[in-house]
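Single-structure report; data block below.
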Amino acid sequence: MPVDIWGDGRLAEATVFSARSLGWDIAPGADVIAVAPLAPTVKECDALIARPSTGKRAFAWPTVSVTAVQQMIVRCQSVGSLTNLSSRSIRPHSSLLKAAHDQVALLLLVAQINGHGVPTEVSLRSPSEHNDQLLMHFNDFTAVVEVTWNSAVAPSLDIQVAGTDGVLRIETDPLTQLEQNGSLVPLPVPGAIAPELQPFRDAGVINMLQTIGAAFYNGHPLAHAFSFEFGRSVVAIVETAEALRPTPGSC
């Protein structure tokens, strides 16, 4: 199956490696898979969206395809009206919130599934040099993406979706698990896979490509979460938040 993979960095490399492991050919000019973030800026996202294309195209972010996250998405409407939507992560030190692109994308997706559109406002708090909090304000609640920049400890990611009727929570340290109202949710057991591909499946890359491949070639609909337009909306939120960061030396 020929695909053209756009992007650079470790995620693009992982996507190319995983695509080839599935027997796909990397072929410029074929149907497009653009890895997250869709582009560095909203202006560049708009240029990509406007670019004429005769083939199919998908925005690729693997977090949405992690098994625990998929099960959270299936259940997220069961919590009722949202009262809390938050994600915390520990990541290697960086000065750019685009490193937390997947957190922003996931909270935005859950909000939209639960009947909300785009945030009415985006704000940024930085309690310390090594901590950022991106806030997405909706009409009746605020979603919070919190990042602690620390290269000395293992990366981790926690997600909480709470509403009037229940709570869902994902933790990734030491193992990825999903809880619903305090009880562990049994996760589907995947089939055997080559050991060298296990990290890519754990990270959602393999499942992501299989989902996109099914949409490209088996006639399955491509979910909104994999559209260029959704990718643009995430870049817009991150870009807005970064614009609020004080420049060095400012008061």
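What you see below is based on every heavy atom in this structure, not just the backbone, and it leaves out hydrogens, waters and symmetry mates.
Of the candidates I33, D25, V16, V32, V3 forms a side chain to side chain contact (heavy atoms under 4.5 Å, CB included) with just one, namely I33.
Using a 4.5 Å heavy-atom threshold, the side chains of V64 and L109 count as touching. Looking at heavy atoms from C-beta onward, N131 lies out of side-chain contact with V147 at the 4.5 angstrom threshold. Contact check for L48 versus W6: side-chain heavy atoms found under the 4.5 Å cut-off. Here the side chains of E121 and L135 are not in contact, with every heavy-atom distance at 4.5 Å or above. Two residues are said to be in side-chain contact when any heavy atoms from C-beta on lie closer than 4.5 Å; P62 and D102 fail this criterion. Contact annotation: the side chain of D46 approaches that of R232 to within less than 4.5 Å [non-hydrogen atoms, C-beta and beyond]. A 4.5 Å side-chain heavy-atom check between S86 and Q160 finds at least one atom pair inside the cut-off. Proximity of T164 to V79: side-chain heavy atoms (C-beta onward) are nowhere separated by under 4.5 Å.
Put simply, the side chain of Q77 gets close to the backbone of I113: a donor and an acceptor are under 3.5 Å apart. Using a distance-only test at 3.5 Å, with no hydrogens or angles considered, no donor-acceptor pair links the side chain of N207 to the main chain of V66. In this structure, Q133 contributes its side chain and V145 its backbone to no donor-acceptor pair below 3.5 Å. Side-chain atoms of N181 come within 3.5 Å of backbone atoms of V167 as a donor-acceptor pair (strictly under, hydrogens ignored). Side-chain N or O atoms of N84 include none that pairs as donor or acceptor with a backbone N or O of A162 at under 3.5 Å. For S18 (side chain) and T15 (main-chain N/O), no donor-acceptor pair under 3.5 Å exists by modelled atom type. Of the possible donor and acceptor atoms, one in the side chain of D31 sits under 3.5 Å from a partner among the backbone N and O of K56. When atom types are taken as modelled, the side chain of T172 and the backbone of L157 share a donor-acceptor pair closer than 3.5 angstrom.
When all heavy atoms of E239 and P40 are compared, the pair lying nearest together is OE1-O, 4.4 Å. In this structure, S123 and L244 approach most closely via the heavy-atom pair CA-CD1, 3.7 Å. What you find for F230 and A225 is that their closest heavy atoms are CD2-O, 3.4 Å. Between G204 and S65, the shortest heavy-atom contact is O-CB, 3.4 Å. Closest approach of L107 and L85 over heavy atoms only: O-CD2, 3.3 Å. Taking each heavy atom of F138 and A111 in turn, the nearest pair found is CZ-CB, 3.7 Å.
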Just do the salt bridge (charged side-chain N to carboxylate O under 4.0 Å, His left out) check on D132 and R91 with the steps written out, would you?
CA-CA 11 Å; D132 284 321; R91 299 178 183 268; over 6 Å; no
Report the C-alpha separation of L184 and Q177 in whole Å, then their side-chain angles, then the decisive distance to 0.1 Å, and conclude whether the side chain to side chain contact (heavy atoms under 4.5 Å, CB included) test is met.
CA-CA 7 Å; L184 284 177; Q177 60 184 28; 3.6 Å; yes
Does the side chain to side chain contact (heavy atoms under 4.5 Å, CB included) test come out yes or no for D165 and S78, once each step is laid out?
CA-CA 7 Å; D165 300 324; S78 70; over 6 Å; no
Is there a side chain to side chain contact (heavy atoms under 4.5 Å, CB included) between V235 and T41? Walk through the geometry before answering.
CA-CA 7 Å; V235 172; T41 67; 5.5 Å; no
Under the side-chain hydrogen bond (donor to acceptor under 3.5 Å, both in side chains) criterion, do T148 and N150 qualify, and how do the steps go?
CA-CA 6 Å; T148 298; N150 190 336; over 6 Å; no
Going through the checks in order, is the side chain to side chain contact (heavy atoms under 4.5 Å, CB included) test met by I5 and W24?
CA-CA 11 Å; I5 296 176; W24 298 6; over 6 Å; no
Is there a side-chain hydrogen bond (donor to acceptor under 3.5 Å, both in side chains) between H137 and T120 once you walk through the steps?
CA-CA 6 Å; H137 304 277; T120 56; over 6 Å; no
Show your reasoning for whether side-chain hydrogen bond (donor to acceptor under 3.5 Å, both in side chains) applies to S89 and Q103.
CA-CA 8 Å; S89 70; Q103 288 175 263; 2.6 Å; yes
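Under 4.0 Å is where a charged nitrogen must lie from a carboxylate oxygen, and between E242 and R245 at least one such pair does. A salt bridge links R169 to D158: one of the charged nitrogens lies within less than 4.0 Å of a carboxylate oxygen.
Criterion: ILVMFWY side-chain heavy atoms under 4.5 Å apart, direct or through other members. Under it, Y217 and L222 are part of a common hydrophobic cluster. Under the 4.5 Å side-chain contact rule for hydrophobic residues, L187 and I170 share a cluster. Under the 4.5 Å side-chain heavy-atom criterion for Ile, Leu, Val, Met, Phe, Trp and Tyr, V144 and L124 are members of distinct hydrophobic clusters. The cluster map of Ile, Leu, Val, Met, Phe, Trp and Tyr, joined by side-chain heavy atoms under 4.5 Å apart, puts V110 and V118 in different clusters. Both L22 and I26 are members of a single hydrophobic cluster when ILVMFWY side chains are connected at heavy-atom separations under 4.5 Å.
Taking the six-membered ring where the residue is Trp, F17 and F200 present tilted rings, their angle falling between 30° and 60°.
One finds the CZ atom of F59 at 8.0 Å from the OG atom of S233 (value rounded to the nearest 0.5 Å).
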